[in-house]
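Accompanying notes for the structure given below.
The basis for the numbers below is simple: all heavy atoms, side chains too, and nothing from hydrogens, waters or symmetry mates. In what follows, chains carry the letters A, B, and so on, assigned in the order in which the sequence lines appear, proteins first and then strands, with residues in each chain numbered from 1.
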Amino acid sequence: GAGVSQSPSNKVTEKGKDVELRCDPISGHTALYWYRQSLGQGLEFLIYFQGNSAPDKSGLPSDRFSAERTGGSVSTLTIQRTQQEDSAVYLCASSAAGTPGPYEQYFGPGTRLTVT
Amino acid sequence: AQSVAQPEDQVNVAEGNPLTVKCTYSVSGNPYLFWYVQYPNRGLQFLLKYITGDNLVKGSYGFEAEFNKSQTSFHLKKPSALVSDSALYFCAVRANNNDMRFGAGTRLTVKP
């Protein structure tokens, strides 16, 4: 079946502009995660959605970052007034949830964001 | 909150030799532990997980990992490394709240 998809695959933007990154999770997966990965580095947790529960936003680095998930499916990560330090690969992952669990995450290919 | 430590940024082994990539964790409650691999210019792929039961977990591509509760470790192992195993490896832990945290990653290089 279809995996996690993300769009765009690459995004180059000027400093100060807003960007929107999209994630389409695997159908039926109720859990959705956003991570940020700088070049060759580890994964930095950003935000986590689980069903209709309030999202865990504890990883968002500043108030310029926000995310929403509409209808329990597609998610959009928005970065306002982008800065050069926002340049990274943004990864989305989804997983099933509930029992027996826990379930592994399936990752999308990522969006490479470059802020010039 | 849960956390994971991968003490080695880089591991180098010769092809055919056994490999170990280390991971230690900290979590309240029962730990659920995962290993993922990221090949160059590819997305992260699931390798294996520990939930409960047998401390030795077998996964994809001949990898296995041993859960050690007393040492709070979950080291990834393979008896005989291949050049194609060269990649970035991530350990992750999930606590009961279903939130997942990843380690910083370990770059494995297998030399012919």
Which value, rounded to the nearest 0.5 Å, describes the distance between B/Phe46 atom CZ and A/Ser95 atom OG? 11.5 Å
Single-linkage hydrophobic cluster, 4.5 Å side-chain cutoff, B/Phe67 and B/Leu19 together: yes
d(B/Met100 CE, A/Tyr103 OH) to nearest 0.5 Å is 13.5 Å
Atom CD in A/Glu104, atom CD1 in B/Ile51: separation rounded to 0.5 Å? 8.0 Å
Turns out that what part of B/Gln45 lies under 4.5 Å from chain A's heavy atoms comes down to neither
Exceeds 12 heavy-atom contacts within 6.0 angstrom, atom CD of A/Glu85: yes
How about B/Phe102 and A/Gln37: do any of their side-chain heavy atoms sit closer than 4.5 Å? no
Report which part of A/Tyr35 has an atom under 4.5 Å of a heavy atom belonging to chain B: side chain, backbone, both, or neither. side chain
Beyond-backbone contact of B/Arg101 with A/Phe45, side-chain heavy atoms, under 4.5 angstrom: yes
Is there a path of hydrophobic side-chain contacts, each under 4.5 Å between heavy atoms, that joins A/Leu32 and A/Ile47? yes
In this structure, would B/Val57 and B/Tyr61 fall into the same cluster of hydrophobic residues linked by side-chain contacts under 4.5 Å? yes
More than 12 non-hydrogen atoms from neighbouring residues, nucleotides or ligands closer than 6.0 Å to OH on A/Tyr106, yes or no? no
Look only at the side chain of B/Tyr36 and the backbone of A/Gln105, and say whether a donor-acceptor pair between them is shorter than 3.5 Å. yes
Under a single-linkage definition using a 4.5 Å side-chain heavy-atom cutoff for Ile, Leu, Val, Met, Phe, Trp and Tyr, are B/Val13 and B/Tyr39 assigned to the same hydrophobic cluster? yes
